[in-house]
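I have placed the structure first, in the form of structure tokens, so that the comments after it can refer back to it.
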Amino acid sequence: MIFEHEIPEGTKLYFGKSARIKRELESYACEVFSNNGFEEIVTPYFSYFEHQQNIGDRRIIRLNSQNNHQISLRYDSTIDTIRILTKRLGRAINHQKWFYIQPVFSYPTNEIYQIGAECLNPSNFTQVIGLCLQILDKFSLQSHLQISNTKILQLCLAEMEQSLESFSSLCLEEIVKKAPFMQDVVRISSIEDLASYTANAPMFLKLECERLLDKAKSCEYPRTLISPLERTMVAYYDDIVYKGFSQNSILFLGGKYKIQDCLCGGVGIYEDNVIAKILKGN
């Protein structure tokens with residue numbers, strides 16, 4: 001029996017103070033992105049299922065249209081935004097920086113509110129991180145910034161002749177035993193550690209370590225952590241990735257990627273987590 005006051009698990013309800021914080025957060029984010037050269041876009045809640053990046057993902061909510069085409073409820077704003085910008089709008093626009101404020105949905109009844117930004121020119125990497133930190137600072141939220149380079153892990157796996165699955169099952173001692181060069185890599189946790197390692201890094205890792213070091217230094221953020229072997233939480237992030245977190249809550253997540261043959265960079269601020277932290281007083 002379902003009582004009248006119940007709502008489906010995973011859905012969100014904001015009212016009173018929480019609703020006010022949500023609106024203030026979105027309004028300020030809109031102001032920040034607009035003042036820094038971003039245009040706003042609002043994509044449809046529905047898209048054709050075949051346009052999804054990973055059609056095998058069972059978390060995608062599927063429906064059928066009146067013409068019996070498979071339709072999905074918006075699961076990933078990045079994929080839809082880049083597809084629409086490059087394939088539908090195409091030559092009608094020449095703007096490179098876009099932001100959106102809209103929810104995504106996953107099976108069975110999960111709602112996730114996001115403030116996102118996508119750059120068709122990924123050179124805006126440092127600017128986007130700075131804007132995310134500025135938005136959090138407005139609400140007195142301090143976070144750690146963790147930066148990684150997924151190509152370092154890929155190169156290490158190739159050198160070790162290991163798959164990602166088999167590597168993930170190994171403990172630290174087994175990893176170092178199989179590949180002694182990993183002993184120094186796993187110890188990297190700060191910009192200083194990375195700089196020291198990069199100076200004498202093996203040739204197959206040196207370039208990607210230098211790229212990671214350059215990006216980390218350019219952020220000029222005191223609470224920056226380096227995680228060279230971090231697995232990405234988003235499948236299509238395949239280069240430099242980063243996240244802002246406080247305790248166990250991820251506040252924003254971003255990185256570089258390639259979708260629709262377009263090299264881009266993007267970020268998503270997790271509104272629900274940010275609002276929860278503000279309500280708790282950090």
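Residues take their numbers from the sequence shown, with the count starting at 1. The structure displayed is predicted, hence computed values, not measured ones.
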[X] side chain vs [Y] backbone, donor-acceptor pair below 3.5 Å:
X    : Y    : result
D137 : L133 : no
T224 : Y221 : yes
T11  : P8   : yes
K12  : E111 : yes
N149 : L212 : no
N273 : I250 : yes
D214 : E210 : no
T81  : S77  : yes
S166 : Q162 : no
S72  : I60  : no

Neighbour count above 12 (heavy atom, 6.0 Å) for [X] [atom1]:
X    : atom1 : result
N64  : CG    : yes
R223 : CZ    : yes
Y107 : OH    : no
E6   : CD    : yes
K206 : NZ    : yes

If I take atom [atom1] from residue [X] and atom [atom2] from residue [Y], how far apart are they, to the nearest 0.5 angstrom?
X    : Y    : atom1 : atom2 : answer
K258 : C264 : NZ    : SG    : 10.5 Å
I84  : S47  : CD1   : OG    : 8.0 Å
I82  : D261 : CD1   : CG    : 12.5 Å
S106 : I61  : OG    : CD1   : 6.5 Å
I226 : E192 : CD1   : CD    : 9.0 Å
L172 : Q183 : CG    : CD    : 8.5 Å

Are any of the side-chain heavy atoms of [X] and [Y] separated by less than 4.5 Å?
X    : Y    : value
L205 : C156 : yes
F167 : L153 : yes
I112 : P103 : no
V267 : Y242 : yes
R187 : D193 : no
T78  : Y236 : yes
L225 : S190 : no
I93  : W98  : yes

Dump the intermediate steps for side chain to side chain contact (heavy atoms under 4.5 Å, CB included) on F33 and I115, then the final yes or no.
CA-CA 10 Å; F33 283 116; I115 300 168; 3.9 Å; yes
Could you tell me which non-hydrogen atom of [X] sits nearest to which non-hydrogen atom of [Y], and how far apart they are?
X    : Y    : value
S143 : L136 : OG-CD1, 3.8 Å
M182 : L229 : CE-CD1, 3.6 Å
H95  : G37  : NE2-O, 2.7 Å
L25  : I135 : CD1-CG2, 3.8 Å
C209 : I152 : SG-CD1, 4.0 Å
I259 : I79  : CD1-CG1, 4.0 Å

Can you list the steps and then say if E230 with K243 is a side chain to side chain contact (heavy atoms under 4.5 Å, CB included)?
CA-CA 11 Å; E230 180 80 3; K243 67 180 178 182; 3.5 Å; yes
State whether a side-chain donor-acceptor pair under 3.5 Å links [X] with [Y].
X    : Y    : answer
D272 : Y14  : yes
Y28  : Q134 : yes
T150 : R231 : no
S218 : T126 : yes
Y100 : E118 : yes
Q102 : T43  : yes

Pairing residues for E26 by the side chain to side chain donor-acceptor pair (under 3.5 Å) criterion, not counting sequence neighbours
K22, R23
Cluster check [X], [Y]: I/L/V/M/F/W/Y, side chain < 4.5 angstrom:
X    : Y    : result
L263 : V128 : no
F15  : I7   : yes
F245 : L251 : no
F204 : L207 : no

With side chain to side chain contact (heavy atoms under 4.5 Å, CB included) as the test, would you mind laying out the steps for R62 and I71 before giving the verdict?
CA-CA 6 Å; R62 310 181 192 186; I71 303 291; over 6 Å; no
Before giving the answer on side chain to side chain contact (heavy atoms under 4.5 Å, CB included), spell out for S34 and E40 the whole-Å C-alpha distance, their side-chain angles and the decisive distance to 0.1 Å.
CA-CA 8 Å; S34 296; E40 186 170 7; 6.0 Å; no
Could you point out which residue of L213, I147, V185 forms a side-chain contact (heavy atoms from CB on, under 4.5 Å) with L194?
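In the set L213, I147, V185, the residue that makes a side-chain contact (heavy atoms from CB on, under 4.5 Å) with L194 is L213.
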Please walk me through it: do F38 and F99 pass ring-ring contact (aromatic ring centres under 6.0 Å, His included)?
CA-CA 6 Å; F38 286 77; F99 78 96; 7.1 Å; no
Over-ring placement of R74 relative to Y45, 6.0 Å and 45° cut-offs
yes
What residues form a salt bridge (charged side-chain N to carboxylate O under 4.0 Å, His left out) with E271, not counting sequence neighbours?
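For E271, no residue satisfies salt bridge (charged side-chain N to carboxylate O under 4.0 Å, His left out) once neighbours in sequence are set aside.
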Give the C-alpha distance, both sets of side-chain angles, the deciding distance and a yes or no for salt bridge (charged side-chain N to carboxylate O under 4.0 Å, His left out) between D239 and R211.
CA-CA 10 Å; D239 197 275; R211 292 182 62 241; 2.7 Å; yes
Apply the test salt bridge (charged side-chain N to carboxylate O under 4.0 Å, His left out) to residues K138 and E24: give CA-CA distance (whole Å), side-chain angles for both, the deciding distance (0.1 Å), then the verdict.
CA-CA 10 Å; K138 171 70 173 178; E24 291 173 354; over 6 Å; no
